[in-house]
Amino acid sequence: MVLPVPQQRLLDLYRVMRRIRAFEDAAETASQGGVAAWGLAENATPAKVRGPLHLSTGQEAVAVGVCANLVRKDLLTSTHRGHGHTLAKGADPARMMCELFGRATGYNHGKGGSMHIADFSVGMLGANGVVAAGIPIATGAAHALKLRKQPNIVACFFGDGAANRGPFLEGLNWAQVYQLPVLFVCEDNRISATTPTGPMTAGKGVSARAKALAIASEKVDGNDVEAVDAAAARLAAQVRAGGGPRFLHAVTYRFKGHVSVDPGSYRDAREVETAKQSDPLLLARAKLLERGVPAAAVDAIDGEAGQEIAAALATADAAPWPQASAAYEDIMNTVTGAWR
Amino acid sequence: MVLPVPQQRLLDLYRVMRRIRAFEDAAETASQGGVAAWGLAENATPAKVRGPLHLSTGQEAVAVGVCANLVRKDLLTSTHRGHGHTLAKGADPARMMCELFGRATGYNHGKGGSMHIADFSVGMLGANGVVAAGIPIATGAAHALKLRKQPNIVACFFGDGAANRGPFLEGLNWAQVYQLPVLFVCEDNRISATTPTGPMTAGKGVSARAKALAIASEKVDGNDVEAVDAAAARLAAQVRAGGGPRFLHAVTYRFKGHVSVDPGSYRDAREVETAKQSDPLLLARAKLLERGVPAAAVDAIDGEAGQEIAAALATADAAPWPQASAAYEDIMNTVTGAWR
Amino acid sequence: MNAPERKTAMHTQQMTYAEAACLALREKMRADARIVALGEDLGRGGVFGQYRGLPQEFPDRIIDTPISEANIMGAAVGMALAGLKPVVEMRVIDFALCAMDEIVNQAAKNRYMFGGQGRVPLVARMPIGIWSASAAQHSQSLEAWFAHMPGLVVAVPGTPADNYGLLKSALDSGDPVIYMEHKELWGLTGEVTVGSEVPLGRANVLTQGGDLTIVTWSRGVSLAVQAAASLGKAGIAAEVIDLRTLWPWDRETVFASAVKTRKVLVVHEAVQVAGFGAEVAASVAEHVGCKVARLGAPRIPVGYAQVLEDESRLSAAKIEAAARNILK
Amino acid sequence: MNAPERKTAMHTQQMTYAEAACLALREKMRADARIVALGEDLGRGGVFGQYRGLPQEFPDRIIDTPISEANIMGAAVGMALAGLKPVVEMRVIDFALCAMDEIVNQAAKNRYMFGGQGRVPLVARMPIGIWSASAAQHSQSLEAWFAHMPGLVVAVPGTPADNYGLLKSALDSGDPVIYMEHKELWGLTGEVTVGSEVPLGRANVLTQGGDLTIVTWSRGVSLAVQAAASLGKAGIAAEVIDLRTLWPWDRETVFASAVKTRKVLVVHEAVQVAGFGAEVAASVAEHVGCKVARLGAPRIPVGYAQVLEDESRLSAAKIEAAARNILK
Ligand SMILES: Cc1ncc(C[n+]2csc(CCOP(=O)(O)OP(=O)(O)O)c2C)c(N)n1
Ligand SMILES: Cc1ncc(C[n+]2csc(CCOP(=O)(O)OP(=O)(O)O)c2C)c(N)n1
Ligand SMILES: [Mg+2]
Ligand SMILES: [Mg+2]
């Protein structure tokens, strides 16, 4: 069955979104009951994923639509909610799952976990536990690319809440001043942990702020992966052509709580239900079917994603723990204990 | 000689500007040769004003025009370049000079010097050695005024260079979110130490940034004290009426180097000469004469300012030094030495 | 503006470390209308429940803020100067690193630098410590930094009773207090004497003993008591001292114990190198001249996997081993 | 992209502490095109002249920046991850407080937290110390903070030769280096061996002596040598050790001297409480068990007036008095 090109692209985008969803769902399950976070008492039987887990469930279209316009040598900085970005940039779900399980074979050898998931080999420079901290790092990486005359760009993801932190201003100003190759992407899920972002944000939101710095921006439906893809394609091309930074404002929704152990009870249940009707996976699937792609073909992708993630879980489960001595590696002079 | 009211106001404004100019000139002279700053070697014969001295010479109209619209219980936060703000808010030049001379009778008992000049009794909450650091403090003070239902406002001065620091965004956002009574005043002298601010600043400058946060702003000729006065009157009234923050962008010029020992040789001498033709004192004087105020009346003000500052110098010169033991006052538990 | 003060009769009650903080703050807020609390997500009672119930009782004085640590802390300085007593919530100390200019250059120095013209009576809460699998950016303990900084008071409660009593004293201090609750103690239950206060600068001697002194604070407290119990079974009598505040710190109590036991072990969760244990050990060595030893974390970031995290964690067994070592 | 390496023959030359830094950076920048420097006002050679001539020679690699300390430091992390070796100028350490998240949570932890996937070879220059009449916000010395922080190297040169040699080693370290020049040393002249390097972690024994050991660094070095000379006239032989780097620090050299003299005085300009002197004194007490004493500043902000500032300043006389005290 030969599909016309556009459907092939949407299928590809759908495939990555589905992989992310399956990964997040599996990680969430593996984290149940064991996280001593969010005011809960420490559990006697630790879950397989012990640490705080910020799920991007419902926001897959932003990561996927943007990263579809990046090449391997392009760079990316992420947030605390970084699984989607990492997978979309091309990381291996099994090595990611190993990291979440705290295994020696994880990307960070068990040193980072979910909040610091990274795959430098595909240019994914790391999730970050500090809101907005990726912004200056992204501008610096872009500055290096420009100084080194490399043809690549940096995608810098952050949330709506991050736009109220100082580094947002400092980083955007910097990128525009030096005309750096960075695509800023605001994943606007309209909430910051338990606080609606709107009332905490002055003015007409993030795009207005970018505009005040003369950074051209586009606003898109962040649940429509094709819309994100198209906008990212336009903006990334401008950035790549040396036009300086661009800004993408993608409006989306967080289906889950702030972390996996957060039931999110501060939100109206109906609001969540309504939002789920715009699930980016449902939207993409509907489009595919509407355009004549057989349901079986889409189902096959779902099945493959499920298998892939099941395999990742099995790999992670069987993977070795780090040695205690590894705690003294990746840092100067501590391996011998001499400088303890 | 009875003058029509507008000239009386301009005369009053002129008087304060002249006081500031005389103060700055005297402080500058008293600082010659003794500051071990700016790469110069430490001098064996310390000057009377030893520390770094940031002069606002040429920028007097901004401080005076704004503070003419404040009452004593209104609050003010300043910058490293704070003499003008302090005098305009009503501080005593003699106690200020004592502080610059490091005497026990200075406002800070010799603990702060020029960079931390303050007179809390007139609501002047301090010059600050950290660029943009006054902005969060001003928003907090305004927040307190609002929560305590006090009828006062806060004036928050900062330079053009400060608008690239994170606290600028955080503070302005905060003030607008909580609709706080603060008047932000950007003293735009178009330079940050030795670096022209323009090329370091993305977009259409500070007003655009305020606008992006939905804070109404006005731009004025910061050398025209009547223009500043009029704009500040409008904006301060709106702030006082509970309309939330407002923003005043006043364009001016720094006649001197960044600090008193800086010859400012990185600037084109002609640029400085040209700028001096818009000296706010010359402009105000010309207006006064044009409107029929006799030159003698203006000269008299100049003479009075000179005498006042000469007296301040004499007071400072005769004032006692702090005791060494004062180093352990104004801080907990150190006075006894018990916690050394 | 002050609400009528409600006198609380003294009685004891079981509660958690988090509940103790809530109660202390509630009492103080009822008594003093100048107290406000500000920080992210406070409107839902704080991410550790340490403000639970307060948003309902004081809707205008528990303030939700934008994610703006620098401005949260800077605004608190301005609020304090304009007559309020702000409680500043930094969520975890790691985020307070986004507000260091405001803490160090502004809050700490204000009173001194301006010659006593103003005071900054704020309480900055910045939960510290390792917290199950939270890795390098959510597990730090930086109490030594603030002890080093003139102008700051530093409190490190290790029990519900102290979290109750010290928070109240912190709100009375008149100077900025760095108030460090430990993230793994929120659920710890203990007896609290309602109506009491714990003064700043006074240590608590938890066990008496003549063989060695163990000085600790925060998360170290219950572990040191455990270690002392185990040593006791082997006939070794350890005197466990909980400093409770690191500035001012109770040198008299520590020195008196050191004179008695001639062996002082300082235990803390923070990195050992240049930790506050160095200050205690150096002071004891200078002023008493007896044997000293320290137990702190190795100079590595906290890792995510359990086995890595454990390298940075304190435990009763590690304390016991260090105690036996100094007794050799 | 590398320029052809120019071999410099070893020879000695008199120069200032600032010139020594310029020369070191120039040599390194000629040899390695990945080195860039960024900070405010660098285009005019730096506010202390410590980049003089470099903007002319490397117009594209000496980068003027907006006043954005957080982004300067954060960008340097990104630059390092993307293949450059940035030298970050913070102007004075007090402003580095605006970039603490970037230094501590990002630069210091990156290599470890990401399991060695990346390295952050940046050199963060943050001049420290009291500087005539610059008061509380421009006079701090916070070396102890960074020594406490896993992942950071800390260098504190006290002479032109060391500023030359250590800056070169810092640029080779591969990990983030907190490089602390002292603001009152810029004009200090001394002999520099051009072409040499000073390894990280190696102390310099400046005077030999059997009566007591004085351990110091940065501004303390020349004052301690002065004090030792004065003590020498009174027949007291002091061994003065300049640590030069605080992480790693040369414990072997200090311990060996302590074993010999049995009396160790640690001297630094920073506040004494929880200063790095506590680490040295505590380590000596633990490992050698001899007499220790510290001389640092009282726990007060630095005041503006000379008489107040002097309370926080080191002097040869204060060092001599402390030395005589430990000898009692
Ligand atoms: C500087 C800082 N402050 C606070 C936090 C705690 N925190 C973690 S995520 C979060 C909300 C972030 O909101 P947003 O940027 O919109 O991202 P989202 O979680 O919605 O993806 C907060 C407050 C943090 N990690 N860093
Ligand atoms: C956070 C911080 N960074 C750097 C400095 C050093 N510095 C002092 S004044 C100044 C320039 C400030 O420019 P601007 O805000 O325009 O004020 P102006 O000096 O022109 O009045 C700089 C960079 C500082 N004091 N604080
Ligand atoms: Mg959000
Ligand atoms: Mg300016």
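All chains are named by letter (A, B, ...) in the order of the sequence lines, taking the proteins before the strands, and each is independently numbered beginning at 1. Being a predicted model, the structure only gives us computed values, none of them experimental.
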field: Among the listed options B/Pro167, B/Gly166, B/Gly171, the residue most often paired with chain C at heavy-atom distances under 4.5 Å
entry: B/Gly171
- request: Measure distances from C/Pro86 to the heavy atoms of chain B and classify the residue's part below 4.5 Å as side chain, backbone, both or neither.
  value: neither
statement: Turns out that what part of C/Leu38 lies under 4.5 Å from chain B's heavy atoms comes down to side chain
task: Go through the steps for B/His83 and B/Ser114 under the test side chain to side chain donor-acceptor pair (under 3.5 Å), then give the verdict.
output: CA-CA 7 Å; B/His83 303 155; B/Ser114 161; 2.8 Å; yes
message: Quick check: under 4.5 Å, non-hydrogen atoms only, which of residues 93-103 of chain B neighbour chain C?
response: none
- request: Apply side chain to side chain donor-acceptor pair (under 3.5 Å) to B/Arg209 and B/Asn164, showing your working.
  value: CA-CA 10 Å; B/Arg209 294 179 188 190; B/Asn164 290 328; 2.9 Å; yes
- prompt: Do you see a donor-acceptor pair shorter than 3.5 Å between the side chains of C/Tyr51 and C/Asp41?
  reply: no
Note: C/Asp64-C/Arg44 ion pair, threshold 4.0 Å (strictly below): yes
field: Contacting moiety of C/Gln117, where chain B heavy atoms sit under 4.5 Å
entry: both
message: Heavy-atom pairs under 4.5 Å with chain C - which of B/Pro322, B/Ala127, B/Ala144, B/Ala326 has more of them than the others?
response: B/Ala144
task: Determine whether more than 12 heavy atoms belonging to other residues, nucleotides or ligands lie under 6.0 Å from atom NZ of B/Lys48.
output: no
message: Shorter than 4.5 Å, heavy atoms on both sides: which option in C/Ser68, C/Ala76, C/Pro66 has the most such pairs with chain B?
response: C/Ser68
- prompt: Parallel, tilted or perpendicular: which fits the ring planes of C/Phe255 and C/His287, with parallel below 30° and perpendicular above 60°?
  reply: parallel
- prompt: Just wondering, are more than 12 heavy atoms of other shown residues or ligands nearer than 6.0 Å to CD in B/Gln179?
  reply: yes
- prompt: Is the closest side-chain donor-acceptor distance between B/Asp119 and B/Ser121 under 3.5 Å?
  reply: yes
statement: Among residues 129-142 of chain B, those lying within the under-4.5 Å heavy-atom range of chain C are B/Val130, B/Ala133, B/Pro136, B/Ile137, B/Thr139, B/Gly140, B/Ala141
Per-residue contact mode, C/Asn105 against chain B (heavy atom under 4.5 angstrom): side chain
message: Measuring from atom OH of B/Tyr178 to atom CD1 of C/Ile63, what distance do you get when rounded to the nearest 0.5 angstrom?
response: 6.5 Å
- request: Taking atom CZ of C/Arg202 as the centre, report whether more than 12 heavy atoms of other residues, nucleotides or ligands fall under 6.0 Å from it.
  value: no
- request: Just give me the residue among C/Thr65, C/Asn110, C/Val153 that pairs up with chain B most often, heavy atom to heavy atom, under 4.5 Å.
  value: C/Thr65
query: Side chains of C/Asp94 and C/Gln137: donor-acceptor distance under 3.5 Å anywhere?
result: no
field: Atom NZ of B/Lys211 with >12 non-hydrogen neighbours under 6.0 angstrom
entry: no
Option that, when pairs with chain C are counted at under 4.5 Å, heavy atom only, ranks first among B/Asn173, B/Leu145, B/Asn128: B/Asn128
Minimum side-chain heavy-atom gap B/His258-B/His54 below 4.5 Å: yes
query: Rounded to the nearest 0.5 Å, how far does CE of C/Met73 lie from CD of C/Gln106?
result: 11.5 Å
